[in-house]
> 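Pasting a structure below so you can have a look.
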Amino acid sequence: MMGDKPDEGIAKCFSPHLGTYLLSHSVGLPLRDAEQAAAAAFWQPWQSGNRDIWSHWLKEIDGFRAQLATLLNGDLDSFCPQTSLSSAVAKIIDSLTLDKAKNTILLSEEDFPSIAFALQKAGAGGYRLKFIPAQADTSELNVWADHMTADVGMVLVTHVQSNNGRQLPVQKITELSRSKGIISLVDIAQSIAILPIDLQAWSADFVVGSCVKWVGGGPGAAFMWVRPEIIARCEPQNVGWFSHADPFEFDIHQFKYADNALRFWGGTPSVYPYVVAAHSLQFINSTGVDVIRAHNLLLCDKIIEALSPTQLVSPADVQSRSGTVIIHFGDHQETLVTRLQAQQVHFDSRAKGIRLSPHLCNSSQQIEALIGLLK
Ligand SMILES: Cc1ncc(COP(=O)(O)O)c(C=O)c1O
């Protein structure tokens with residue numbers, strides 16, 4: 001069990017690295033045995049002489065979907081592998097029939113730019129983006145209610161906004177959008193594996209995410225979740241044989257959409273990223289997000305308690321906090337950056353400040369040493 005004394009057994013699960021690794025909001029640390037586990041899952045058909053390679057690989061990818069279904073409380077059929085969040089978003093927009101009276105997509109200036117770029121260009125540019133200004137408090141439901149005007153047909157909700165480290169009340173926002181007949185699309189890139197997520201409790205229509213950050217599952221294993229009740233309305237334009245109800249039918253004159261989220265898949269998929277990610281997801285599921293979050297909060301609390309309130313940029317309140325603490329030391333910021341770098345603290349720096357994301361690979365001793373450097 002995690003506590004003030006870090007569980008050394010768990011800490012040893014991660015790849016060795018020099019220094020204090022606090023970059024799980026960017027690229028999470030892989031598991032020590034990731035390469036070995038993925039090699040076994042990927043190369044097995046050749047090593048064993050198995051001639052039915054696709055059956056083996058598709059079973060492995062189903063394993064990835066099943067781990068997601070467990071982690072996020074959704075059913076396997078509603079998950080479709082994707083290469084990145086933005087490409088998933090573009091496919092979603094292109095799958096929907098444009099209603100000219102409701103062609104506004106509501107989002108926030110604090111969302112991740114990649115997603116806004118996809119929203120701008122998809123749908124043959126037929127949508128208008130309406131941004132909630134960066135200064136607004138997006139954790140307030142009233143802010144969303146005020147912006148959900150009659151022309152809004154879709155809303156993008158980023159569960160954790162990476163610029164400010166803020167956690168948004170997704171359930172409330174998606175309930176509100178559902179009550180107004182607005183389609184909701186939720187980005188969980190920064191929250192999967194660090195915040196509890198229950199897709200059955202949300203009223204979301206689409207959810208997009210990836211495994212490169214807190215999951216520690218490497219790049220390339222993104223995914224989308226589609227609410228079962230909306231699948232029949234979606235006609236993806238970017239399709240391939242794996243979007244077909246029976247990919248191995250091979251009748252060139254008959255395309256038939258898969259009746260589940262796999263209609264969003266496409267042509268021959270990559271396999272390797274999903275076997276890497278499935279292994280990490282299995283570790284996250286067997287450890288429990290509640291354990292990961294408790295350890296993260298314990299270490300973040302230590303950092304926050306050592307700061308003056310003006311140095312903390314991300315929220316202090318636990319309900320609004322993500323896994324990332326963002327700090328800014330005003331005129332001393334540059335000096336601090338140099339000092340942390342010199343002591344092998346791995347972090348990044350954005351417009352609002354230094355971002356620090358404690359995960360299971362970090363111990364209390366590491367955080368106490370970090371606090372020593374902040375003083
Ligand atoms: C909130 C959020 N969404 C999306 C992404 C990445 O999107 P994509 O998979 O399109 O690169 C990031 C990456 O940092 C992010 O922080």
Side-chain angles (χ1 to χ4, degrees), residues 21-29 64 68 72 79-94 105-122 129 131-132 134 138-139 154-170 173-174 184-195 197 202 204 206-225 238 264-266 269-270 273-274 276-277 280 313-315 320-326 346-357 359:
Y21 195 86
L22 293 167
L23 280 171
S24 291
H25 58 270
S26 173
V27 174
L29 212 54
F64 165 75
L68 286 173
L72 305 172
F79 289 92
C80 182
Q82 295 289 310
T83 51
S84 71
L85 278 87
S86 4
S87 114
V89 165
K91 288 185 187 180
I92 289 167
I93 298 294
D94 289 334
I105 301 176
L106 178 64
L107 69 166
S108 155
E109 280 181 333
E110 295 288 74
D111 291 332
F112 194 69
S114 187
I115 308 301
F117 301 156
L119 290 173
Q120 224 164 62
K121 295 292 176 193
L129 301 194
F131 289 94
I132 297 177
T138 40
S139 51
M154 179 181 269
V155 62
L156 169 69
V157 187
T158 301
H159 192 189
V160 166
Q161 297 186 309
S162 55
N163 284 352
N164 52 31
R166 191 185 287 156
Q167 177 188 162
L168 303 193
V170 174
I173 301 169
T174 54
S184 58
L185 163 61
V186 184
D187 171 344
I188 58 168
Q190 291 286 349
S191 56
I192 180 171
I194 182 65
L195 296 182
I197 294 176
W202 289 355
F206 300 96
V207 174
V208 290
S210 73
C211 297
V212 66
K213 299 180 187 296
W214 294 91
V215 173
F223 60 88
M224 68 163 84
W225 174 88
N238 182 342
F264 282 96
W265 209 353
S270 58
Y274 302 107
V276 176
S280 283
V313 175
S314 51
S320 318
R321 244 197 254 169
S322 65
T324 305
V325 176
I326 306 180
H346 301 279
F347 62 96
D348 61 17
S349 236
R350 291 288 182 272
K352 287 195 166 65
I354 290 171
R355 302 193 293 179
L356 306 167
S357 296
H359 204 337

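In each ligand, atom 1 is the first atom listed, and ligand 1 is the first ligand listed. Heavy-atom basis, side chains included; hydrogens, waters and symmetry copies ignored. Here, residue 1 is the first one in the sequence, and each next residue gets the next number.
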> Can you say whether the rings of Trp214 and His359 are parallel (under 30°), tilted (30 to 60°) or perpendicular (over 60°)?
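Answer is tilted, since the angle falls between 30° and 60°.
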
> Can you name the side-chain contact (heavy atoms from CB on, under 4.5 Å) partners of Thr83, sequence neighbours left out?
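Scan of Thr83 (side-chain contact (heavy atoms from CB on, under 4.5 Å), adjacent residues dropped) gives Ser87.
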
> Using the side chain to side chain donor-acceptor pair (under 3.5 Å) criterion, which residues pair with Lys91? Sequence neighbours excluded.
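Scan of Lys91 (side chain to side chain donor-acceptor pair (under 3.5 Å), adjacent residues dropped) gives Gln82.
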
> Parallel, tilted or perpendicular for Tyr21 and His346, by the 30°/60° rule?
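Rings of Tyr21 and His346: tilted, as their planes differ by 30° to 60°.
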
> Nearest 0.5 Å, what's the CZ-CG distance between Arg350 and Asn163?
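It comes to 9.0 Å.
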
> Not counting sequence neighbours, which residues clear side-chain contact (heavy atoms from CB on, under 4.5 Å) with Val276? List them please.
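Residues passing side-chain contact (heavy atoms from CB on, under 4.5 Å) with Val276: Ala38, Tyr272.
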
> Can you list every pair where an N/O of ligand 1 is under 3.5 Å from an N/O on the protein?
| from | atom 1 | to | atom 2 | distance (Å) |
| --- | --- | --- | --- | --- |
| ligand 1 | 3 (N) | Asp187 | OD1 | 3.4 |
| ligand 1 | 3 (N) | Asp187 | OD2 | 2.6 |
| ligand 1 | 9 (O) | Leu85 | N | 2.9 |
| ligand 1 | 10 (O) | Ser86 | N | 2.9 |
| ligand 1 | 10 (O) | Ser86 | OG | 2.2 |
| ligand 1 | 10 (O) | Ser114 | OG | 3.1 |
| ligand 1 | 14 (O) | Lys213 | NZ | 2.7 |
| ligand 1 | 16 (O) | Gln190 | NE2 | 2.9 |

